[in-house]
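Here the structure is laid out as structure tokens; the discussion comes afterwards.
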Amino acid sequence: MMGYTIEAMHAIQETDPDVYTAIQAEEQRQREKLVLIASENYASPAVMAAQGCVMTNKYAEGYPGRRYYGGCQHVDSVEELAIDRAKQLFDCDHVNVQPHSGSTANMAAYLSVLKPGDTILGMDLAQGGHLTHGSRVNFSGIIFQSHFYGVDRETEMIDYDAVQQKAEECRPRMLVVGASAYSRTLDFPRFQHIAQSVGAYLLVDIAHISGLVATGLHPSPVPYADFVTTTTHKTLRGPRAGMIMCKAEHAKAVNKIIFPGLQGGPLMHVIAAKAVAFKEALSPAFTVYQQRVLDNAHTLANEFNQRDYRVVSGGTDTHLFLLNLTNKNVTGKEAETALDAAGITVNKNAVPYDEKPPAVASGIRLGTPILSTRGMGADEMTQIVSWIDQVLEHPHDTQIQEHVRKAVKALCTRFPIFYSAQSTSA
Ligand SMILES: *Cc1c(COP(=O)(O)O)cnc(C)c1O
């Protein structure tokens with residue numbers, strides 16, 4: 001069974017059959033569908049077991065050795081392990097492993113040095129950025145004066161000269177770098193130069209690419225940024241949570257804003273799972289995995305290019321890319337629905353300079369973390385592109401969807417999730 005023991009699942013079944021049924025159905029969905037959602041991954045049984053462990057029962061406000069509760073010896077051990085391993089993985093001066101999520105980590109980075117009303121400059125959500133980088137509907141746009149940079153209309157890549165110009169116009173206190181839907185290598189030395197030229201702090205949010213950064217497959221922002229935030233559940237393949245790294249000079253402010261500033265008791269079971277995930281990420285096998293993630297993304301993008309699909313910016317340097325479906329006469333929303341009916345899960349996504357509203361969108365976002373976790377390689381990528389193509393050429397043809405769904409299920413059986421019934425008969 002999954003990260004939890006069979007006995008634990010039986011306990012849920014006895015106490016709450018409704019929730020048990022939903023969990024079982026979700027496990028089946030994860031097992032039988034091809035999930036290409038770029039921000040998701042399947043954590044290991046060890047990570048999930050840690051996340052479901054007794055440390056959920058412990059209050060531990062404060063930091064190792066300086067807690068507001070007794071009985072913290074053992075949770076101190078796991079938090080220290082998580083900290084040591086994170087430092088090894090990312091080579092940072094200081095890390096706080098308590099943020100409950102990527103969003104909270106960003107909030108902490110801002111509030112450790114900024115005041116409400118200060119100006120921030122981040123990447124536009126509509127062009128690949130994230131809600132927490134200044135969007136009006138998010139705390140970051142509510143608390144701060146937010147301005148945005150984006151990508152060049154032609155190349156669909158970040159125009160660094162334009163970023164420099166924007167920074168000179170709006171004079172931000174914080175330059176925010178990082179994205180949820182941008183497939184190209186980020187030039188951190190250049191961003192540092194821009195930040196320094198206007199006296200701004202530099203925050204780099206590697207939520208999506210942290211697995212690639214940890215293994216050296218994407219350059220690291222750590223030498224260049226004041227703050228580096230990340231989620232731990234995307235390419236890094238840990239529990240659903242966040243983390244914040246910073247230069248030594250900001251260490252005190254970061255710790256203080258996480259607790260008591262923004263959070264109460266840390267989720268010690270999740271921190272235990274972070275420690276386990278970081279140990280996995282330090283192993284040579286994890287670098288092999290991340291390389292596979294990259295190789296698979298290249299193969300997928302190349303196959304689409306060869307079939308007359310428009311890959312945004314022409315390709316990818318990471319685990320993800322966007323397809324602009326305008327030339328296929330199908331919207332992102334229609335594509336998402338048709339593909340899901342065929343057992344292929346993706347998300348609709350705005351493309352740069354999209355003329356459709358975000359709820360419809362002209363594109364879809366595709367990522368390879370989960371396919372790669374399942375052990376799939378180039379042959380499977382080619383097959384998957386062929387299926388996606390068949391579905392999108394006839395988005396309302398339910399027979400094609402049915403046919404593809406069966407083929408998808410058969411492929412998934414050949415690449416079982418490690419917690420599936422097939423792989424753990426013992
Ligand atoms: C996913 C993501 C986040 C937010 O993470 P949550 O854990 O969902 O709050 C922040 N920044 C970027 C760039 C992301 O992609």
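Index from 1, following the sequence. Whatever order the structure lists them in is the order used to number ligands and atoms, beginning at 1.
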Short side-chain donor-acceptor distance under 3.5 Å, [Y] and [X]:
X      : Y      : answer
Ser146 : Arg136 : yes
Tyr289 : Thr373 : yes
His250 : Asp226 : yes

The side chain to side chain contact (heavy atoms under 4.5 Å, CB included) partners of Glu61 (sequence neighbours excluded) come to Tyr59, Tyr68, Tyr69, Phe259

Return the protein residues near ligand 1 (heavy atom under 4.0 Å from any of its atoms), ordered by chain and residue number.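 Heavy-atom contacts below 4.0 Å: Ser101, Gly102, Ser103, Asn106, His130, Ala179, Ser180, Asp205, Ala207, His208, Thr231, His233, Lys234.
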
For residues 354-365, which side-chain N or O atoms pair as donor and acceptor with protein atoms under 3.5 Å away, sequence neighbours left out?
from	atom 1	to	atom 2	distance (Å)
Asp354	OD1	Lys356	N	2.9
Asp354	OD1	Ser362	OG	2.6
Asp354	OD2	Val351	N	3.0
Asp354	OD2	Ser362	N	2.9
Arg365	NE	Asn347	OD1	3.3
Arg365	NH1	Ser180	O	2.7
Arg365	NH1	His208	NE2	3.3
Arg365	NH2	Ser39	OG	3.2
Arg365	NH2	Asn347	OD1	3.4

With sequence neighbours left out, the residues meeting salt bridge (charged side-chain N to carboxylate O under 4.0 Å, His left out) with Glu336 are Lys348

